[in-house]
Enquirer: 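Could you have a look at this structure, given as structure tokens, before my questions?
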Amino acid sequence: MKFVVTAGPTREHLDPVRFLSNPSTGRMGFAVARAARAAGHDVTLVAGPVSLKTPQGVERVDVVSARDMLAAVRAGLAARPSGQTAVLVMTAAVADWRPATCASLKLKKREMSGALMLVRNPDILKTLKNAKGVVRIGFAAETGTPDAEAVRKCREKGLDMVVGNDVTGAGSGFGTTTNRVVFVTPDGAVRHLPLMSKLAVARRIVAFAERTASHG
Ligand code: CTP
């Protein structure tokens, strides 16, 4: 199968030296890319600004903003032989908002008012809701128990699965090598997994995608 995996944060620039972003390091997405490649799949890894080594055998596309990420995901899904099933795994912490304007030169503080006008970014998973032959898996990083929000996001975005986690939980935050996650499917089933390495979580996500694809 063809896996398109997103990882890391996006950056939404206000000018060349200022941006809105978040602390995602990309570890979970890089682990999914590695696990999918190890299972014999073609993998395109769409990475926001992160400092991780590209897993062997994986095609990497570096992006900055949410809009760049959407374009790269579309291109990654389109670049597959007709009839090949694709799997989209959105681990990226995509910024929901961006500054309404981006200056081409550094803004001087005297030119800034202290208020920042924001506009919504596209929701990548929702935009690709009707993509044919694509298994779609999302993440829900929450502060607190993720179960209810994971179910909501799974249904709202029409996903095959949402992987929820509590970023304030021990061993589960941004930048950790481990994660304690919950797998939520659209039928409302909620499966709690024990604390394990991000690579072990990644292998289970790949196995889920393989099972889902084989059931058509
Ligand atoms: N996502 C996306 N495009 C966005 C924002 C999020 O595709 N613009 C994806 C994320 O990669 C993740 C899932 O949607 O797989 C859930 O992201 P999250 O930020 O938790 O949810 P939101 O839809 O932004 O909801 P909220 O801000 O209400 O928590």
Side-chain angles (χ1 to χ4, degrees), residues 3-13 19-33 35-36 43-50 61-77 86-100 118-131 134-169 172-175 179-186 190 198 201-202 204-206 208-209 212:
F3 274 70
V4 176
V5 182
T6 67
T10 65
R11 280 184 190 171
E12 309 300 328
H13 275 271
F19 52 80
L20 300 176
S21 195
N22 62 69
S24 171
T25 61
R27 281 210 169 100
M28 192 62 242
F30 276 60
V32 174
V43 184
T44 298
L45 174 59
V46 178
V50 295
V61 180
D62 287 311
V63 297
V64 176
S65 70
R67 288 181 297 170
D68 297 341
M69 186 170 276
L70 172 59
V73 166
R74 277 203 166 114
L77 291 175
V87 180
L88 171 60
V89 187
M90 285 288 307
T91 77
V94 185
D96 292 314
W97 298 87
R98 67 176 184 276
L118 301 176
V119 295
R120 283 290 287 271
N121 269 330
D123 186 302
I124 298 171
L125 281 172
K126 269 193 189 164
T127 304
L128 300 171
K129 198 168 183 170
N130 298 315
V134 183
V135 174
R136 291 175 317 123
I137 298 173
F139 272 67
E142 308 293 339
T143 48
T145 310
D147 305 24
E149 274 300 278
V151 171
R152 179 180 72 80
K153 287 174 188 180
C154 193
R155 292 188 174 150
E156 235 177 72
K157 302 190 190 209
L159 304 178
D160 294 285
M161 178 166 77
V162 167
V163 180
N165 71 315
D166 174 0
V167 294
T168 65
S172 299
F174 289 113
N179 212 350
R180 187 191 302 277
V181 301
V182 54
F183 281 4
V184 170
T185 42
V190 174
K198 285 186 174 172
V201 173
R204 293 188 185 216
I205 292 170
V206 171
F208 172 88
T212 305

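Please read all numbers here as calculations on a predicted model, not as lab measurements. Side chains included, hydrogens not; waters and symmetry mates left out as well; all remaining heavy atoms used. Order of listing sets the numbers, starting from 1, for every ligand and every atom in it.
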Enquirer: For atom 7 (O) of ligand 1, find the nearest protein heavy atom and state the residue, atom name and distance (0.1 Å precision).
Expert: Leu125 N, 3.0 Å
Enquirer: Using a 3.5 Å cut-off on N or O atoms only, is Lys153 in polar contact with ligand 1?
Expert: yes
Enquirer: For ligand 1, is any non-hydrogen atom under 4.0 Å from Lys126's backbone (N, CA, C, O), its side chain (CB onward), both, or neither?
Expert: neither
Enquirer: Quick check: does Phe139 get an N/O under 3.5 Å from an N/O on ligand 1?
Expert: yes
Enquirer: From atom 11 (O) of ligand 1, work out which of Pro122, Ala92, Ala141 has a heavy atom at the shortest distance.
Expert: Ala92
Enquirer: Note the single closest protein heavy atom to atom 22 (P) of ligand 1, along with its residue, its atom name and the distance in Å.
Expert: Lys157 NZ, 3.8 Å
Enquirer: Sort out for me which residue in Val151, Leu159, Val163 forms a side chain to side chain contact (heavy atoms under 4.5 Å, CB included) with Val184.
Expert: Val151
Enquirer: Just go through Glu149, Arg152, Met69 and tell me whose heavy atom is the nearest to atom 28 (O) of ligand 1.
Expert: Arg152
Enquirer: To the nearest 0.1 Å, how far is atom 19 (O) of ligand 1 from its closest protein heavy atom, and which atom is that?
Expert: Asp96 OD2, 4.4 Å
Enquirer: Measuring from the heavy atoms of Asn121, does anything fall under 4.0 Å of ligand 1?
Expert: no
Enquirer: Give yes if a backbone or side-chain nitrogen or oxygen of Thr91 is under 3.5 Å from a nitrogen or oxygen of ligand 1, and no if not.
Expert: no
Enquirer: Please report the closest heavy-atom contact between Ser24 and Phe174, naming both atoms and the distance.
Expert: CA-CD2, 3.6 Å
Enquirer: Measuring from Leu20:CG to Arg98:CZ, what's the distance to the nearest 0.5 Å?
Expert: 11.5 Å
